[in-house]
Amino acid sequence: MKKYIPKDIESAIAQQWEAEETYKAPQTPEKDKSYTLVMFPYPSGAGLHTGHARVYTGTDVLARYHRMKGKSVLHPMGWDAFGLPAENAAIKLKKNPLDIVPQNIANFKQQMQRLGLSYDWSKEFSTTDPSYYQWTQWLFIQFFKMGLLHKKETPIFYCPSCKTGLALEEVLADGTHERCGNKVEERTLPQWIFRITKYADELLADLDGLDWPSGILQMQRNWIGKKEGMVIHHKVEGMEYVLDTFTAFPAWSFADTFIVIAPEHPLVDSLIENGKGTSEVVNYVAEIRAIPADERAASKEKTGVFTGLYAVDPFRPNEKLPIWIANFALMSFGTGAIRCSAHDPRDVAFATKYSIPLREVVERETETPVNAHEGKGILVDSGPFTGKEVSSVVEDFVAWVSKEKIGEKSTTYHLRDWVFSRQRYWGEPIPMVFCQSCADEKISYWAVAKETEKIYPNSPKIAQKVSGFVAEIEESLCGWFPLSDENLPLKLPYVDSYEPTETGQSPLSQIPDFVNTTCPHCAKPAVRETDTMPNWAGSCWYFLYFSRGVDFAIETKPSLQAWNSLIKPSAMAWNPVDWYIGGAEHAVLHLLYSRFWMKMLNDSGLVDFKEPFTRLRSVGIVLASDNRKMSKSLGNVINPNDVIDEFGADTLRVYEMFMAPFGQEVAWSTAAMQGAYRFISRVWQMYYSSAKFAKSAEIRSKTLDAELQSVISSIDTDITNVKFNTCISALMKFLNLWEESDSEVLSMKGAQDFLKLLAPFAPYMTDHIWRNVFGNNTSIHIAPWPQKDDSLTVEKQVTIAIQVQGKVRGTVSMPSSKLSQDIVIAEALKLEGVNRYIDGKEYKVIYVPGRVVNFVL
RNA sequence: GCCGGGGUGGUGGAAUGGUAGACACGCAGGACUUAAAAUCCUGUGACCUCAACAGUCGUGAGGGUUCGAUCCCCUCCCCCGGCACCA
């Protein structure tokens with residue numbers, strides 16, 4: 001063997017891995033487990049580019065490392081294939097996604113296989129497999145039974161281009177749809193809604209125990225957006241109406257002189273309905289409601305109109321607060337009504353414009369009133385709190401307001417309930433049936449359900465929690481029944497025309513065979529739900545399904561019993577995921593939704609943990625060499641297959657790991673990749689040509705073997721800190737040293753250890769050398785990871801920097817065994833460069849063992 | 001505006017209180033070659049110097065703590081990501 005020609009070795013080695021089942025996960029972990037998972041991809045028609053290769057390689061390095069460390073490793077791959085992008089692409093091609101998706105998957109798979117990723121392919125599945133999505137449907141039904149889903153006419157975001165409703169999380173800050181980039185609108189449609197807000201506190205609190213990047217934790221906290229404050233109740237004069245306002249700064253309430261309410265506020269509606277709205281009010285409301293929310297937010301100009309109504313100020317019962325409608329009051333925050341004062345700049349701007357009197361309760365030292373956000377100052381004219389420091393009275397104030405029955409503590413959240421219906425074809429059909437007859441008779445599922453259908457039999461506490469959820473929504477869901485287990489899966493019909501409709505209805509509604517059915521309760525004619533689930537559904541629990549037995553019968557119908565016998569045991573043995581790797585763009589989408597599903601499953605007893613991903617690491621995207629995102633339309637995409645054809649998968653992998661810290665964004669450079677190719681080729685030469693290692697096991701080298709021990713320990717540290725770039729540089733540095741050494745050869749064990757250290761990064765060529773040079777007949781990838789041998793590290797030369805006044809003026813080198821403060825200082829004082837600066841002056845010595853000596857004059 | 005993450009040679013980056021620029025790319029010079037590619041060798045932060053020795057400066061800017069700061073603290077500037085008329 002002479003020259004390194006990757007294509008000559010890679011396919012042969014890959015075949016050996018397959019034949020030897022090198023990467024097969026045990027059914028249940030035998031020892032320490034490492035469930036290593038990369039966020040599974042949506043298989044687009046464009047295939048993988050070299051940017052994708054980075055996240056898969058990094059995750060693979062972790063899996064391979066832990067496998068060699070002797071852990072039980074589950075490292076699976078699957079396909080998140082439902083959803084808008086696949087469907088939109090199929091529409092463009094005028095084909096059915098059912099036909100296209102398998103081709104895309106096949107393409108992704110061959111690309112991944114060429115990369116040498118150590119997946120246990122026996123676990124592979126797609127979220128679009130009926131054998132999988134029947135379980136997704138079954139879980140939907142369990143959540144329905146728990147009262148965590150309801151169907152409701154709701155104002156939602158709607159993408160007119162994709163012709164479907166969306167969740168708030170799918171709308172970007174600029175008001176566009178995160179998938180297609182078009183502006184969204186608001187519409188009111190009947191939707192299935194997940195009551196995720198019921199879990200807002202748990203979703204927030206449990207973040208504290210997670211080993212996740214701080215930025216992603218913070219994004220989830222902000223998204224949940226818990227804010228504690230008070231709701232204040234007001235009587236509206238001349239009406240039987242209690243108007244509630246929300247404030248985060250209750251202690252400033254004595255300042256308030258007016259109230260503003262959102263244009264969408266129910267009080268506005270009742271005013272207009274009662275004919276009490278002036279023409280000014282009617283016109284203003286009509287005008288403002290016509291402007292989409294995001295445009296309204298963009299204009300900071302404050303507008304409003306007086307309703308003619310007054311509220312009694314509970315803090316000053318003799319005074320009245322005029323009620324205005326204002327564009328800056330948002331129905332989506334708090335109660336949609338705000339008490340206003342001089343202590344909020346927005347209120348001041350509004351009051352100034354419309355000449356509404358203001359009052360201050362904290363004396364100012366500047367030209368403008370104190371902003372309540374600053375939270376400091378002495379209160380005046382504030383009832384029992386006059387003369388007190390505002391920051392110190394908050395708790396007392398809240399207690400007093402409650403005691404006086406003016407209002408009570410209240411918490412608001414940014415998190416909204418999760419709109420779970422899509423008016424599209426390419427998703428899991430929602431397994432629900434609506435019976436008009438039962439609805440007319442006010443029959444709900446829970447009124448007629450058998451006890452045995454309950455899924456939370458072992459926890460009275462949870463049964464109580466759930467019955468509370470159900471009580472709140474039961475009436476609104478009369479006539480809705482889930483499919484029974486034996487009727488799952490509810491298959492997505494293969495149809496010729498599946499384009500979204502203009503009517504806000506799913507294309508499935510056009511298919512009578514699909515729609516018409518009978519009521520699961522009374523057997524009269526009934527209709528199916530025709531909306532489908534969003535693309536997030538399948539990824540909410542896929543990590544539980546990967547650990548299933550591979551002989552898991554496809555015909556198996558979902559049921560509680562099947563869950564408990566076929567899915568739960570292995571899922572509990574492997575989950576939660578130990579290493580979860582993916583992009584930060586899912587911070588408040590997939591990563592929030594799947595946490596929510598696990599909390600519901602935990603409450604129902606279907607899983608026994610609360611958090612799915614113990615450890616999360618994010619990957620930085622790879623930009624094209626022009627510093628723009630790789631995209632087909634920009635023509636700057638690099639296909640990993642092309643790189644592999646020319647340089648081999650090992651080179652691509654090493655470069656991907658070396659190019660920058662794993663979590664950081666970086667631009668692709670084919671030129672820089674040459675460095676990785678040189679490195680891999682030189683390793684190859686070292687083993688096949690120069691062969692500077694001992695042929696007998698007894699021979700050792702002093703310096704090389706010692707140096708290798710520190711490489712072992714630095715890679716051990718760096719791999720688990722996902723610092724793959726410094727792992728590679730440590731290996732390169734060692735190879736340089738190895739090549740330079742003329743007088744010594746590395747021990748045979750050292751040569752094998754070096755190969756093992758490189759194996760997770762360059763799996764093909766290392767396994768080839770392992771088998772052909774060292775005569776092994778099993779893979780290097782199941783060989784034990786090198787152990788650092790401290791007996792080899794002793795006689796190392798240590799170089800100590802000698803400083804005068806903190807500036808380096810020389811160095812002293814000696815074997816570490818001779819190292820002592822006195823000797824080092826004595827040596828240092830012999831240095832001419834040091835003496836020149838000390839020059840007979842008095843000095844003090846700082847000695848840091850093994851590092852530095854500093855003479856302070 | 002608020003919340004995160006950053007700012008180090010021509011470039012990607014290393015160093016988490018102890019010799020700043022490891023490792024790599026690029027570039028320059030050299031070897032091999034008829035020549036080129038590939039490969040190998042040498043050099044490569046800036047300034048000063050023919051050069052070496054020595055020296056000065058240098059991690060976005062300014063200040064502070066420390067014997068010693070890329071690293072900790074304060075003020076400010078810039079870039080990236082997220083959120084935001086949030087009461």
Side-chain angles (χ1 to χ4, degrees), chain A residues 3 172-173 213-223 225 227 229 245-249 252 256 259-260 262 293 296-302 326-330 332-341 343-347 349-350 372-373 412-414 584-585 587-588 618 620-621 654-655 658-661 663-679 681-682 685 723 725-736 739 799-811 832-833 836 843-857:
Chain A
K3 208 170 152 39
L172 302 181
S214 63
I216 293 187
L217 291 174
Q218 204 52 43
M219 277 159 81
Q220 288 220 353
R221 288 193 186 102
N222 290 344
W223 190 259
K227 191 167 267 188
T245 59
F246 175 82
T247 176
F249 307 100
W252 303 68
D256 302 333
I259 288 175
V260 296
R296 248 189 270 174
S299 143
K300 300 280 169 192
E301 173 72 23
K302 288 177 182 43
N327 63 343
F328 68 93
L330 307 174
S332 57
F333 184 79
T335 59
I338 316 163
R339 287 171 62 92
C340 297
S341 80
H343 297 296
D344 183 309
R346 284 166 311 195
D347 300 349
F350 188 81
H373 279 93
T412 67
Y413 299 86
H414 175 258
E585 68 274 14
V588 293
S618 42
I621 56 172
V654 165
Y655 174 57
F658 181 63
M659 64 202 308
Q664 190 178 307
E665 179 179 295
V666 65
W668 175 265
S669 160
T670 302
M673 193 188 60
Q674 302 276 355
Y677 180 72
R678 283 179 203 138
F679 170 65
S681 307
R682 280 164 52 210
Q685 296 303 324
K723 292 169 75 175
N725 55 331
T726 51
C727 293
I728 302 292
S729 76
L731 293 167
M732 288 175 166
K733 211 168 153 180
F734 183 80
L735 181 67
N736 290 346
E739 286 178 336
T799 302
I800 293 163
I802 310 302
Q803 304 178 332
V804 180
Q805 300 284 69
K807 280 193 198 288
V808 178
R809 299 297 178 185
T811 58
E832 200 239 294
R836 187 185 324 159
Y843 61 83
K844 168 174 107 174
V845 182
I846 311 272
Y847 176 65
V848 182
R851 292 278 195 173
V852 77
V853 173
N854 192 6
F855 292 98
V856 184
L857 304 178

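Residue numbers begin at 1 in each chain, while the letters A, B, ... track the order of the sequences. Values reported hereafter were calculated over all heavy atoms of this structure, with side chains retained and with hydrogens, waters and symmetry mates removed.
A gap of 15 Å separates the C1' atoms of G26(B) and G45(B), to the nearest Å. When the C1' atom is used for both A38(B) and G82(B), the distance is 48 Å, rounded to whole Å. To the nearest whole angstrom, the two P atoms, one in A54(B) and one in U59(B), are 23 Å apart. Here the separation of A46(B) from A36(B), taken at their P atoms, is 29 Å to the nearest Å. Between G64(B) and C53(B), the distance separating the two C1' atoms is 37 Å to the nearest Å. Distance check on atom C1': C78(B) versus G62(B) gives 15 Å, rounded to whole Å. Comparing C48(B) with G6(B), their C1' atoms sit 35 Å apart, to the nearest whole Å. Taking atom P on both U66(B) and C73(B), the two are 16 Å apart, rounded to the nearest angstrom.
E585(A) comes within 4.0 angstrom of no nucleic acid atom, judged by non-hydrogen atoms across all strands. Residue contacts shown for P213(A) are absent, as no nucleic acid heavy atom lies under 4.0 Å away. Residue contacts for D347(A): at a heavy-atom cut-off of 4.0 Å it reaches no nucleic acid atom on any strand shown. E301(A) comes within contact range of at least one nucleobase, with a heavy-atom separation under 4.0 Å. Here A730(A) lies out of heavy-atom contact (under 4.0 Å) with every strand. No contact: F679(A) has no heavy atom under 4.0 Å from any strand. Within 4.0 Å of V666(A), counting heavy atoms only, lie sugar-phosphate atoms of the nucleic acid but no base atom. Residue contacts for Q803(A): at a heavy-atom cut-off of 4.0 Å it reaches a base atom on one of the strands shown. Within the nucleic acid shown, H373(A) comes within 4.0 Å of sugar-phosphate atoms alone, with no base atom in reach, counting heavy atoms only. The residue R221(A) sits apart from the nucleic acid: no heavy atom pair falls under 4.0 Å. Residue contacts for K844(A): at a heavy-atom cut-off of 4.0 Å it reaches no nucleic acid atom on any strand shown. Residue contacts for T412(A): at a heavy-atom cut-off of 4.0 Å it reaches no nucleic acid atom on any strand shown. Note on V856(A): only backbone sugar-phosphate atoms sit closer than 4.0 angstrom, heavy atoms only; bases stay farther off.
Across all their heavy atoms, A584(A) and S618(A) have their closest contact at N-CB, 4.2 Å. Of all heavy-atom pairs spanning I216(A) and A587(A), the tightest one is CG2-CB, 4.0 Å. Contact detail for V260(A) and A329(A): the closest heavy-atom pair is CG2-CB, 4.2 Å.
Reading RNA chain B from its 5' end, the first and the last nucleotide to sit under 4.0 Å from a heavy atom of chain A are C3(B) to A87(B).
Ranked by how close their nearest RNA chain B nucleotide is to the 5' end, T247(A) and H414(A) are led by H414(A). Heavy-atom nearest nucleotides on RNA chain B were determined for G215(A) and for L330(A), and the one closer to the 5' end corresponds to G215(A).
Not a single salt bridge (charged side-chain N to carboxylate O under 4.0 Å, His left out) links R851(A) to another residue, sequence neighbours left out. Every residue two or more places apart in sequence or in another chain was checked for a salt bridge (charged side-chain N to carboxylate O under 4.0 Å, His left out) with R809(A), and none qualifies. Scanning for side chain to side chain contact (heavy atoms under 4.5 Å, CB included) contacts around D344(A) gives R346(A), D347(A), with sequence neighbours left out.
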With pairs defined as Watson-Crick or G-U wobble and both distances under 3.5 angstrom, please note down RNA chain B as a dot-bracket string, | for pairing with another strand. (((((((..(((.....[....)))((((((.......))))))(((.......)))..(((((..]....))))))))))))....

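In this structure a side-chain-to-backbone donor-acceptor pair under 3.5 Å is present from Y655(A) to S669(A).
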Quiz: residues 332-340 of chain A side-chain donor-acceptor pairs under 3.5 angstrom, not counting sequence neighbours:
unit_1  : atom_1 : unit_2  : atom_2 : d
T335(A) : OG1    : D244(A) : O      : 2.7
T335(A) : OG1    : F246(A) : N      : 3.4
T335(A) : OG1    : A337(A) : N      : 3.4
T335(A) : OG1    : A337(A) : O      : 3.4
R339(A) : NE     : D256(A) : OD2    : 2.6
R339(A) : NH1    : H234(A) : NE2    : 2.9
R339(A) : NH1    : D313(A) : OD1    : 3.1
R339(A) : NH2    : S253(A) : O      : 3.0
R339(A) : NH2    : D256(A) : OD2    : 3.4
R339(A) : NH2    : D313(A) : OD1    : 3.1

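Expressed to the nearest 0.5 Å, how far CE of M673(A) lies from CH2 of W668(A) amounts to 5.0 Å.
For the pairing with F658(A), the side-chain contact (heavy atoms from CB on, under 4.5 Å) check across T726(A), I728(A), L731(A) returns one residue only, I728(A).
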Tell me, with the steps shown, if Q805(A) and V856(A) meet side-chain contact (heavy atoms from CB on, under 4.5 Å). CA-CA 5 Å; Q805(A) 300 284 69; V856(A) 184; 3.8 Å; yes

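Syn is the glycosidic conformation of G9(B), whose angle stays within 90° of 0.
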